[in-house]
J.: 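Once you've had a glance at the structure underneath, I'll fire off some questions.
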Amino acid sequence: MSPSRPQPRPGVLAIDAYVPGKSEAPGAAKVFKLSSNESPHGPSPKAIAAYNAVGKHLEDYPDGASTDLRAAIGRTFGLDPDRIVCGAGSDDLLNLLARAYLADGDEAIYTTHGFLVYPIATMGAGAKPVVAPETNYTADVDAILARVTPRTKMVFLANPNNPTGTYVPFDEVKRLHKGLPAHVLLVIDAAYAEYVRRNDYEAGIELVATTDNTVMCRTFSKIYGLAGLRIGWMYGPAHVVDAVNRIRGPFNVNIAAIAASVAALEDSAHQEMARQHNLKWLPWVAEEIGKLGLQVTPSVANFVLIHFPATKGRTAGDANDFLMKRGLILRQVGAYKLPNALRMTIGSEEANRLVVKALADFLGQPA
Ligand SMILES: Cc1ncc(COP(=O)(O)O)c(C=O)c1O
């Protein structure tokens, strides 16, 4: 018997929809949103000016090939613009890659606390997400390789990972790539690359340039402060770029996003200011929260993962409620299999100090 109403493809209704970070703290006089790893500095003033300028021509379709933006990315990173695709955030590109390379019955591997868009994109494409365990909240190359089967078509690696903030050194990423069959696509999601200052880190450009089965995704949502415009890009082999271009929306990137991100790329001083702020406050926040007796996973990104005990009155949920009352919105990460932790974006000096003070008060009160 045929169903009485349209049925989504298998797997779709098994997806837990992505729940974004909260942005409201009812009752609080002043709110600090530290739940979505946005930039406390906002975008470059030059990006805002470029955004405002395109408002005069909203009747025009964008350039569907994002030519100016790909050229600007090419200049900035020393890449061939023909091997770049722009998307409505890197989410768009992650989904396009899944749609282009996964079919029913295929498998895509990601890690236990990996970014939640990976299983969503995988299941949305009809494939099966396979979870590889992490070691010390960090992707484990051997565990990933051990889960490769004849059905594996993709491996998603967030480097650095959200929500843990940990990273995989370049030698390990190369070892991962070497261990994968040639037909498996390695997707390196480097959304936070601009924040990382480690000699043994490489965002993925070299592997993409030298192999046929690696793609790197990047975003303007983080250090560039353009999350609201939804703009990201990927760099990949010509054959992957060709496949993605065939299925992406013909105008998937809007004119405001193109104009603002071109201007943002050109304002290296603004980026450097944001990076220096993070380099100063990331260790400060981690150290001060550590001094309170809470464990903080070492992070190289613009956020920290704070672990709480399971003791009643001291849990991550209790801390979250306490912080919320003060207008400090962190991210509960139960959906990332981290029910005893909160993720905090590095905010302004004022926000960072308020969180540390609030956590001290929270821990100082009777449980
Ligand atoms: C690891 C990771 N990848 C991708 C994204 C998505 O970024 P975008 O805003 O470009 O879609 C995020 C956003 O939080 C992220 O944390």
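Values reported hereafter were calculated over all heavy atoms of this structure, with side chains retained and with hydrogens, waters and symmetry mates removed. Start at 1 and go down the list; that is how both ligands and their atoms are numbered.
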J.: Between Val208 and Met216, which heavy-atom pair has the shortest distance, and what is it?
T.: CG2-N, 3.7 Å
J.: Does Asp60 CG have over 12 foreign heavy atoms under 6.0 Å away?
T.: yes
J.: Please check if the distance between the ring centroids of Tyr167 and Tyr192 is under 6.0 Å.
T.: no
J.: Applying a 4.0 Å heavy-atom criterion (strictly less than), which segment of Phe220 is in contact with ligand 1: side chain, backbone, both, or neither?
T.: neither
J.: Atom NZ of residue position Lys22 - does it have more than 12 heavy atoms of other residues, nucleotides or ligands inside 6.0 Å?
T.: no
J.: Please list the nearest protein heavy atom to atom 6 (C) of ligand 1 with its residue and the distance rounded to 0.1 Å.
T.: Asp91 OD1, 3.2 Å
J.: Is Arg353 close enough and on-axis enough to Trp281, meaning under 6.0 Å and within 45°, for cation-pi?
T.: no
J.: Thr297 pairs by side chain to side chain donor-acceptor pair (under 3.5 Å) with which of His307, His113, Arg343?
T.: His307
J.: Tell me the protein heavy atom at minimum distance from atom 7 (O) of ligand 1, and give that distance in Å.
T.: Ser90 OG, 3.2 Å
J.: Give the atoms of ligand 1, by number and element, whose distance to some non-hydrogen atom of Thr219 is under 4.0 Å.
T.: 7 (O), 8 (P), 9 (O), 10 (O)
J.: When you compare ligand 1 with Ser36, is there at least one nitrogen or oxygen pair between them that comes in under 3.5 angstrom?
T.: no
J.: If you have a sec, work out which protein heavy atom is nearest atom 12 (C) of ligand 1 and how many Å separate them, to one decimal?
T.: Phe115 CZ, 3.4 Å
J.: Of all heavy-atom pairs between Ile231 and Leu69, which one has the smallest distance, and what is that distance?
T.: CD1-CD2, 3.5 Å
J.: Atoms of ligand 1 less than 4.0 Å from Arg230 heavy atoms?
T.: 8 (P), 9 (O), 11 (O)
J.: Could you list which atoms of ligand 1 come closer than 4.0 Å to a heavy atom of Ser221?
T.: 8 (P), 9 (O), 10 (O)
J.: Which protein non-hydrogen atom lies closest to atom 13 (C) of ligand 1, naming both residue and atom, and how far is it?
T.: Lys222 NZ, 3.3 Å
J.: Have a look at ligand 1 and work out which part of Asp189, if any, has a heavy atom under 4.0 Å from it: side chain, backbone, both or neither.
T.: side chain
J.: Give the numbers and elements of all ligand 1 atoms closer than 4.0 Å to a heavy atom of Asn162.
T.: 1 (C), 14 (O), 15 (C), 16 (O)
J.: State whether Glu350 and Lys30 are salt-bridged, where the test is any N-O pair (Lys NZ or Arg NE/NH1/NH2 against Asp/Glu carboxylate O) under 4.0 Å.
T.: yes
